[in-house]
Enquirer: 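The structure's right below; bear with me while I get my questions together.
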There are 2 protein chains.
Amino acid sequence: MTVQERALLETATRVLVTSPAASLADVAAAAGVSRTTLHARYPTRQALLVALAHEAMDLVEAAYGEARLDEGDVPGALRRVIELTVPLGPRLEFLLRERSLDDVPEVTARTIALDAPLLDLVERGRQRGELRTDRPSWWRVASRPGTVYPAWEAIADGRLAPRDAPGLVLTSVLHGAAPR
Amino acid sequence: MTVQERALLETATRVLVTSPAASLADVAAAAGVSRTTLHARYPTRQALLVALAHEAMDLVEAAYGEARLDEGDVPGALRRVIELTVPLGPRLEFLLRERSLDDVPEVTARTIALDAPLLDLVERGRQRGELRTDRPSWWRVASRPGTVYPAWEAIADGRLAPRDAPGLVLTSVLHGAAPR
DNA sequence: CCGTTCCTGAACAGTCATGTTCAGAACCGT
DNA sequence: ACGGTTCTGAACATGACTGTTCAGGAACGG
């Protein structure tokens with residue numbers, strides 16, 4: 001994938017997140033490319049959306065890799081993965097909210113597969129006694145995007161300083177709202 | 001609002017959540033009503049979506065009322081409100097994911113206003129020493145839908161027993177993932 | 001029983017995004 | 001300078017949904 005292609009996908013994501021009803025003409029214009037060219041790369045609108053989804057998931061996967069989830073203690077790994085995924089906010093929003101992705105089996109399957117490293121991490125945390133074992137592992141993972149994404153939203157709104165976000169998310173996830 | 005109107009809105013929500021691209025003809029058919037009648041009640045598609053949103057928020061508001069948030073201890077109130085909002089899953093999904101609602105100021109304003117009772121509750125919890133005070137109140141509220149909604153999803157998938165959901169959500173929110 | 005109200009089915013115009021095609025221009029590397 | 005590749009602008013067909021209208025029929029209440 002060339003640099004321009006990445007740039008195009010990023011622009012497309014930005015446009016389609018900002019105004020989901022944008023036409024392909026709008027997307028092409030924003031990306032500084034003709035509609036014909038856009039169409040040459042992505043034959044249909046759906047194909048573009050799917051490509052966007054895959055690119056977003058590529059980034060998530062890369063973040064997981066970079067976070068070295070299998071190294072060190074689990075809270076530390078959690079902190080790293082949170083730090084690396086919060087900036088992916090717009091991509092996550094796209095993945096979570098774009099409803100036409102729901103009936104692309106290829107995408108939904110990968111969404112599920114994408115959770116595997118986190119499941120492993122939770123599992124590891126349980127074995128090391130760093131995470132509670134009285135609740136199902138999948139639950140911890142399922143409720144994750146719902147905690148990371150609001151953090152991004154808060155940053156975008158200016159309510160939250162980017163550097164504060166990971167700590168906030170991490171302590172929420174680990175310790176909850178009750179006083180110690 | 002008559003019973004039939006409520007039924008129509010509920011059917012419409014179900015259809016539009018299941019297949020967001022459904023046409024008004026599909027919605028009308030599913031509701032057992034002619035497209036003309038549907039159009040008489042809701043002049044435009046957008047008007048229907050807005051009505052759906054308002055009805056969903058009515059239900060959330062009602063749940064908050066029924067949960068008597070200002071009575072008793074705060075964890076108890078939290079449990080009640082979680083119990084009452086989890087079944088609203090499909091409505092919450094609609095509110096969270098339907099992106100054409102984003103540029104209806106009336107709806108976004110009410111979305112924000114809807115959080116006020118919860119903010120009060122968190123505030124009360126802090127004063128009573130039942131919630132931590134080292135993190136902003138709005139954060140606790142912002143990350144709430146992200147925890148409640150996955151619970152509904154898990155129930156819908158059959159991964160989670162409906163009666164287990166409130167406890168799971170509550171302990172996650174209060175105590176987090178770390179062992180005591 | 002009658003009049004009002006509401007719902008229905010059908011048809012229609014308008015709009016708009018999509019997908020397709022093609023000839024020419026711009027841009028490469030050689 | 002040249003041949004090939006890529007991008008461009010424009011035009012076109014298509015299809016779908018929306019919003020609108022209207023005459024007839026069903027339901028309902030008085």
Side-chain angles (χ1 to χ4, degrees), chain A residues 1-56 90 93-95 97-107, chain B residues 1-56 93-94 97-107:
Chain A
M1 184 174 299
T2 72
V3 173
Q4 300 117 39
E5 274 175 295
R6 286 214 172 270
L8 188 145
L9 288 180
E10 199 196 325
T11 306
T13 302
R14 186 171 44 74
V15 171
L16 287 174
V17 162
T18 313
S19 44
S23 73
L24 296 186
D26 298 333
V27 174
V33 117
S34 85
R35 194 164 73 91
T36 314
T37 303
L38 179 63
H39 193 264
R41 298 239 179 86
Y42 309 100
T44 71
R45 181 193 184 86
Q46 187 72 349
L48 174 62
L49 294 177
V50 169
L52 256 45
H54 274 297
E55 201 240 1
E93 172 169 6
F94 177 76
L95 282 178
R97 296 191 65 189
E98 180 55 53
R99 315 213 296 182
S100 69
L101 294 175
D102 291 3
D103 36 45
V104 183
E106 187 193 347
V107 171
Chain B
M1 185 173 299
T2 71
V3 173
Q4 300 117 39
E5 273 175 295
R6 286 214 170 271
L8 187 146
L9 287 180
E10 199 197 324
T11 305
T13 302
R14 186 169 46 73
V15 172
L16 288 174
V17 163
T18 314
S19 44
S23 74
L24 296 186
D26 297 333
V27 174
V33 118
S34 85
R35 194 164 75 92
T36 314
T37 303
L38 179 64
H39 192 265
R41 296 237 181 88
Y42 309 100
T44 71
R45 182 192 183 88
Q46 187 72 345
L48 174 63
L49 294 178
V50 170
L52 255 45
H54 275 297
E55 202 240 359
E93 173 169 5
F94 178 76
R97 297 191 64 189
E98 181 54 54
R99 315 214 294 180
S100 68
L101 294 175
D102 290 3
D103 36 44
V104 182
E106 187 194 346
V107 171

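Reckoned from all heavy atoms, side chains included, excluding hydrogens, waters and symmetry mates.
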Enquirer: Starting from P on C:dA17, measure out to CG on A:Leu48 and report it in whole angstrom.
Expert: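 Going from A:Leu48 (CG) to C:dA17 (P), I get 16 Å.
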
Enquirer: Report the distance from atom CZ of B:Arg41 to atom P of C:dC6, rounded to the nearest whole Å.
Expert: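 Those two atoms, CZ and P, are 10 Å apart.
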
Enquirer: Rounded to whole angstroms, how far apart are CG on B:Leu49 and P on D:dG19?
Expert: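 These atoms are roughly 10 Å apart.
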
Enquirer: Look at the side chain of A:Ser34 and decide which nucleotide, out of C:dT8, D:dG19, D:dT8, has an atom nearest to it.
Expert: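 Of all the options, the side chain of A:Ser34 is nearest to D:dT8.
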
Enquirer: Mind checking if B:Ser23 touches a base, just sugar-phosphate, or nothing, with heavy atoms under 4.0 Å?
Expert: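 Since only primed, P, OP1 and OP2 atoms lie under 4.0 Å of B:Ser23, the category is sugar-phosphate.
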
Enquirer: Please check: side-chain N/O of A:Gln46 versus main-chain N/O of A:Ser100, any donor-acceptor pairing under 3.5 Å?
Expert: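 Flag set: sc A:Gln46 to bb A:Ser100 pair under 3.5 Å.
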
Enquirer: Can you identify which nucleotide, out of C:dT18, D:dC7, C:dC7, has its nearest atom closest to the A:Leu24 side chain?
Expert: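 Side chain of A:Leu24 sits closest to C:dT18.
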
Enquirer: Mind calculating the distance between OH (A:Tyr42) and C1' (D:dC7) to the nearest angstrom?
Expert: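 Rounded to whole Å, this separation is 15 Å.
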
Enquirer: Ignoring hydrogens and angles, answer whether the base of C:dG9 and the side-chain atoms of B:Thr36 contain a donor-acceptor pair closer than 3.5 Å.
Expert: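 Check passes, donor-acceptor contact within cut-off.
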
Enquirer: When you measure from the side chain of B:Thr44 to the backbone of B:Ala47, do you find a donor-acceptor pair of N or O atoms at a distance under 3.5 Å?
Expert: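 Yes, the answer is positive, given that a donor and an acceptor are paired below the 3.5 Å cut-off.
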
Enquirer: What is the distance, to the nearest angstrom, from the CD atom on A:Gln46 to the P atom on C:dA17?
Expert: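 In whole Å, C:dA17 P and A:Gln46 CD are 18 Å from each other.
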
Enquirer: What is the distance, to the nearest angstrom, from the CG atom on A:Leu38 to the C1' atom on D:dC7?
Expert: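 Spelled out: CG on A:Leu38 to C1' on D:dC7 is 12 Å.
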
Enquirer: Classify the nucleic acid contact of B:Arg35 as base, sugar-phosphate or nothing, counting any heavy atom under 4.0 Å across all strands shown.
Expert: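 Base, at least one base atom sits under 4.0 Å.
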
Enquirer: Compare every heavy atom of A:Leu101 with every heavy atom of A:Leu49, then report the nearest pair and how far apart it is.
Expert: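 Closest pair (atom of A:Leu49, atom of A:Leu101, distance): O-CD2, 3.9 Å.
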
Enquirer: Are the side chain of B:Ser34 and the backbone N or O of B:Thr37 linked by a donor-acceptor pair below 3.5 Å?
Expert: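 Pair found, side chain donor or acceptor close to backbone of B:Thr37.
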
Enquirer: Of the nucleotides D:dT8, D:dG19, C:dG19, which has the atom closest to the B:His39 side chain?
Expert: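 Of all the options, the side chain of B:His39 is nearest to D:dG19.
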
